[in-house]
There are 4 protein chains.
Amino acid sequence: MKRMPKIGMEPIRRRALIDAAINAIGERGALNVTMSDIAGRAGVSTALAHHYFGGKDDLLFATMRHILTQLGNEIRPVMADLSGQNRVRAIIAINLSPEQFRPEIIAAWLAFYVEARRDAALGRLFRIYVRRLHSDLMSGLSGLPRPAAIRTARAIAALIDGLYLRRALGEGVEDSAAAIALVEDYFDMALARGTPNA
Amino acid sequence: MKRMPKIGMEPIRRRALIDAAINAIGERGALNVTMSDIAGRAGVSTALAHHYFGGKDDLLFATMRHILTQLGNEIRPVMADLSGQNRVRAIIAINLSPEQFRPEIIAAWLAFYVEARRDAALGRLFRIYVRRLHSDLMSGLSGLPRPAAIRTARAIAALIDGLYLRRALGEGVEDSAAAIALVEDYFDMALARGTPNA
Amino acid sequence: MKRMPKIGMEPIRRRALIDAAINAIGERGALNVTMSDIAGRAGVSTALAHHYFGGKDDLLFATMRHILTQLGNEIRPVMADLSGQNRVRAIIAINLSPEQFRPEIIAAWLAFYVEARRDAALGRLFRIYVRRLHSDLMSGLSGLPRPAAIRTARAIAALIDGLYLRRALGEGVEDSAAAIALVEDYFDMALARGTPNA
Amino acid sequence: MKRMPKIGMEPIRRRALIDAAINAIGERGALNVTMSDIAGRAGVSTALAHHYFGGKDDLLFATMRHILTQLGNEIRPVMADLSGQNRVRAIIAINLSPEQFRPEIIAAWLAFYVEARRDAALGRLFRIYVRRLHSDLMSGLSGLPRPAAIRTARAIAALIDGLYLRRALGEGVEDSAAAIALVEDYFDMALARGTPNA
DNA sequence: AATGAATGAGCCTTCATTCAT
DNA sequence: AATGAATGAAGGCTCATTCAT
């Protein structure tokens, strides 16, 4: 009864393998996970992982794309429903939400960041995300003069990443809320200076 | 003429191997460099690398320690000669100096950051650096109320790391000078707010 | 036609690898055989040997256990069907049978004996065998006073091992039959003295 | 003051290296000792060990020869001063003396025994020893009929080796004295049977 | 007399990947 | 749809040995 090959298993297996990859990377802390490990966590053979993804690089690429897509899915309604500084605050909150602050997610981010320096496809993926974040922030900073807006968007993005990085070491800010507060504090200052009469 | 073994080679070889490791990591972008690669760049056999360092992990550890030591050597005179906001500005400038902004150095930082999550010794090394940077910054922020000083120190540190991270992707700020300007800008705001009458 | 993977290969490969290990040890004369050599004799890659056994030590351990198990399988019926001096004589005959006197088996015994001094697991394996042989012999010597029985059991065991050792050099007794005769001769004397009226 | 190259160091170094080899083999339990280990124990560089012995095999060969020579030196006076069964008893006592029963000596014996199966020179060395022991024993057994003498000599030799072997495992007989008693017991029986009227 | 420096060769082990079923 | 079987390639590490000094 155990073997009941059903049709339409593909999406289920793909998702299970991606989740397994995230978990594996999260635990190992880097991309030097083995296909064996990932497949084992997903409860399938390594051969099947190859069957569905083609190779290790492809699986890892799909995994990172999944993470970025998830993040994008959370951002989208913000862009639709909010504007101005509320939009910026929402973006900050989502990027530093407890969900994104989970250790295994941070580990995966970091590991992929490193790998992106060499893997062209991965690099493209990240650059798209980076630019999108920048333009999303800019769209919420239209109240500021353009040079100040650029500067502020860059600083917010850098703060977010920096807080991730230190979080990976277990140093720095305590938790998600503290991280958000820190960036908000910066944003408040930037706003106060940029819009004297607001 | 090829074989001309002299005595006192140890420090020379050690240094050559560490430099080779930095270069290798810089090019490969991660810690999955091979001893073969490193040794080849240093112009020696892998056996010799093992002879002097014991193993791959030890060599990489020594490499990261070397990088941190170099940074520490640049910071030290600042701590001796400057104080107050000048001290803070000097720390920022050094951490984001063109030297530290070299691609291979950034790559090494990142790679080691990732690895530090699992390698206990490496983790300790980084935590020492992180805490030292924090206390160095704090010592230059005595003009601010303590909570504001803590917040500011954390933000500066996060900004520095975040700018590194984005730099690794070739995105974000253009160069060392722009990075410094960005952090200084933040610092100016924090000072302005913290010391109303200054 | 070269690649025809079937299922259920595991026991076949394991056995082939163990046999190959025995042969390799027999030819090399010691445990410094290479996985490459063993795998080659078994007609498989070294990777497969690792796949099935985990590592060199595990394979060698399994090999020695196999040899001891084989011996145990020969002894078992003797313990079930015979008793008294017949039991003892049968044990002697089996331990020194032509099968056990094969050069490669002797070589393996010797090599493992040496290794057992350091490998804890191997040491345990041997000690179990040694004690079992002793108790088996004792059970056939119940006709003798206990001190004499102990002495006799020890002497028989030592004679068996000693004959092996010398056989390894190609010195001493000619063949299996001569070895058995030598130990039997001792046993006859021990019996004659121990049971004056028999 | 530490470096005072004296003349006539050769015999001193050679002896130190041989002693170091015995210790190393005794601790490691097998011949897979390293030149580095041996040289270290002798307080010299590996290069010097090569200088004096030519290579690892040569050093190990010299080590075994040393052990056999030492044993021969103890036997010689016995052959000169004793005869008959006293000679035999003395040979037994020396071969199983506490000195020969030292763990490191047993380990070395065993290890060399194994190696002797392949190393021709070592094999020759051992065969000489085996034959000499046999002829020494025979010369003390002239009171027995020749076939009985041969059998007895072989049994005594096998008992000695067998007791060594089990001793290596920490099983069997308790100590040197018990080992000697066991062989003597056999010898008494053999004598009693062979010389009814003595 | 002695050694530091250096290496080549070899071994164990891991792992992504392929293939027939 | 899924897997067991199997391997090639590569990496880390060890060690005996050589050489110039």
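Chain identifiers are assigned alphabetically (A, B, ...) following the order of the sequence lines, protein sequences preceding nucleic acid strands; residue numbering begins at 1 within each chain. Here the structure is a predicted model, which means the values were calculated and not measured.
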The answer to which of B/Gly43 and C/Thr46 contacts DNA chain E further toward the 5' end, by nearest nucleotide, is B/Gly43
Value in whole Å for how far the P atom of F/dG12 lies from NZ of C/Lys56: 21 Å
A/Glu115/A/Arg118 salt bridge by N-O under 4.0 Å criterion: yes
Side chain of D/Tyr52 (C-beta onward), nearest among F/dT14, E/dA2, F/dG12: E/dA2
Testing F/dG8, E/dC12, F/dG12 for proximity to the side chain of B/Thr34, the answer is F/dG12
Does the pair A/Glu27 and A/Glu104 meet the rule for a side chain to side chain contact (heavy atoms under 4.5 Å, CB included), with working shown? CA-CA 7 Å; A/Glu27 256 180 43; A/Glu104 70 260 32; over 6 Å; no
Looking at CG of B/Asn23 and CD1 of B/Ile18, how far apart are the two atoms once the value is rounded to the nearest 0.5 Å? 12.0 Å
What is the separation between atom CD on B/Glu10 and atom P on E/dT3, rounded to the nearest whole Å? 17 Å
d(C/Phe61 CZ, C/His66 NE2) to nearest 0.5 Å is 14.0 Å
Does F/dA1 have a Watson-Crick or wobble partner in any strand here, with both distances under 3.5 angstrom, and which is it? none
Atom CG of C/Asp37 and atom P of E/dG10 are separated, to the nearest Å, by 14 Å
Considering just the side-chain nitrogens and oxygens of B/Arg13, establish if one lies under 4.0 Å of OP1 or OP2 belonging to E/dG4. no
Please give, in whole Å, the distance from E/dC12 P to C/Phe53 CZ? 15 Å
For a quick test of reading the model: is some side-chain N or O of B/His50 closer than 4.0 Å to OP1 or OP2 of F/dC13? yes
Rounded to the nearest angstrom, tell me the gap between atom CZ in D/Arg28 and atom P in F/dT14. 12 Å
Length of the line joining C/Leu60:CG and E/dC12:P, which is rounded to integer Å: 9 Å
Quick check: does any side chain N or O of C/Arg102 sit under 3.5 Å from a backbone N or O of C/Ile106, one acting as donor and the other as acceptor? no
Looking at every strand, decide which applies to B/Ser45 at a 4.0 Å heavy-atom threshold: base, sugar-phosphate, or nothing. base
Atom-pair distance (CG on C/Asp58; C1' on E/dT14), nearest Å: 15 Å
Nucleotide nearest A/Met9 when distance is taken to its side chain, options E/dT7, E/dA5, F/dA2: F/dA2
Minimum-distance nucleotide (side-chain atoms of C/Met35 versus F/dA5, E/dC12, E/dG4): E/dC12
In this structure, how many angstroms lie between the P atom of E/dC19 and the NE2 atom of A/His51, rounded? 14 Å
Base-pairing mate for F/dC15 - Watson-Crick or G-U, with both contacts under 3.5 Å: E/dG8
